[in-house]
Amino acid sequence: VESKAARPVKLAPSMQPEGKREQRLLGDVIRLERKRLGVSQEDFAELCDVHRTYVSQIERGLINISLVNMLRVAKAFQVKPSVLLAKAGL
C-alpha cells in the first residue's frame, strides 16, 4: 500500500497564526523610534544587550519579543513598554 505524502496546509489570511499582525506593528514602531534616534541596528542591539539579528527580526515582525527583551528595548528608548505598545495600537 502506497502512502501519500502529507501536503502542507495553507491557511486563509483570516486564519494566520494569532499575533503576527501585532508583531509587525510593534516591530514597525521599534524601527521608527530607533531611526528617530539616529541609531543603527548594531548600536541599538548593544544598548539592549541583544544581538543585531534579533533587533532585525523584531523590526520585521518575524519573532515574538520576550518580556525581558521588551523591557530592554523600552529602557533603551527611556519609555515604559506600554508607550511602545500604545504607539503600535496594541
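All figures in this text were calculated on a predicted structure; none of them were measured in a lab. This chain uses plain numbering: 1 for the first residue, then up along the sequence.
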Least distance between heavy atoms, Ile65 atom then Leu26 atom: CG2-CD2, 3.9 Å
Donor-acceptor under 3.5 Å (Arg34 side chain, Ile30 main chain): no
Taking every heavy atom of Leu62 against every heavy atom of Lys20, the minimum-distance pair comes out as O-NZ, 4.1 Å
How far does CG of Asp43 sit from CD of Glu46, to the nearest 0.5 angstrom? 6.5 Å
Check whether Leu32 and Val55 end up in the same hydrophobic cluster, where Ile, Leu, Val, Met, Phe, Trp and Tyr are linked by side-chain heavy atoms less than 4.5 Å apart. no
How many angstroms lie between atom CG of Leu71 and atom OG of Ser66, to the nearest 0.5 angstrom? 8.0 Å
I'd like to know if Val79 and Val39 are part of one continuous hydrophobic network [Ile/Leu/Val/Met/Phe/Trp/Tyr, side-chain heavy atoms within less than 4.5 Å]. yes
Heavy-atom pair of closest approach, residues Ala74 and Pro81: CB-N, 3.7 Å
Applying ring pair (Phe, Tyr, Trp, His ring centres under 6.0 Å), name anything that partners Phe77, two or more places apart in sequence or on another chain. Phe44
Measure the spacing between CG of Asn64 and CD of Gln23 and express it to the nearest 0.5 Å. 4.5 Å
Determine which pairs satisfy salt bridge (charged side-chain N to carboxylate O under 4.0 Å, His left out) with at least one residue from residues 73-82, sequence neighbours left out, and list them in order. none
When you measure from the side chain of Arg52 to the backbone N and O of Ala45, does any donor-acceptor pair fall under 3.5 Å? no
Could you grab the distance from atom CG of Leu25 to atom NZ of Lys87, nearest 0.5 Å is fine? 14.5 Å
Walk me through it: do Arg72 and Leu47 pass the test side chain to side chain contact (heavy atoms under 4.5 Å, CB included)? CA-CA 8 Å; Arg72 290 174 176 172; Leu47 284 172; over 6 Å; no
CD1/Ile63 to CD/Gln57 distance, rounded to the nearest 0.5 angstrom? 4.5 Å
Enter the distance from Ile58:CD1 to Arg31:CZ here, rounded to the nearest 0.5 Å. 11.0 Å
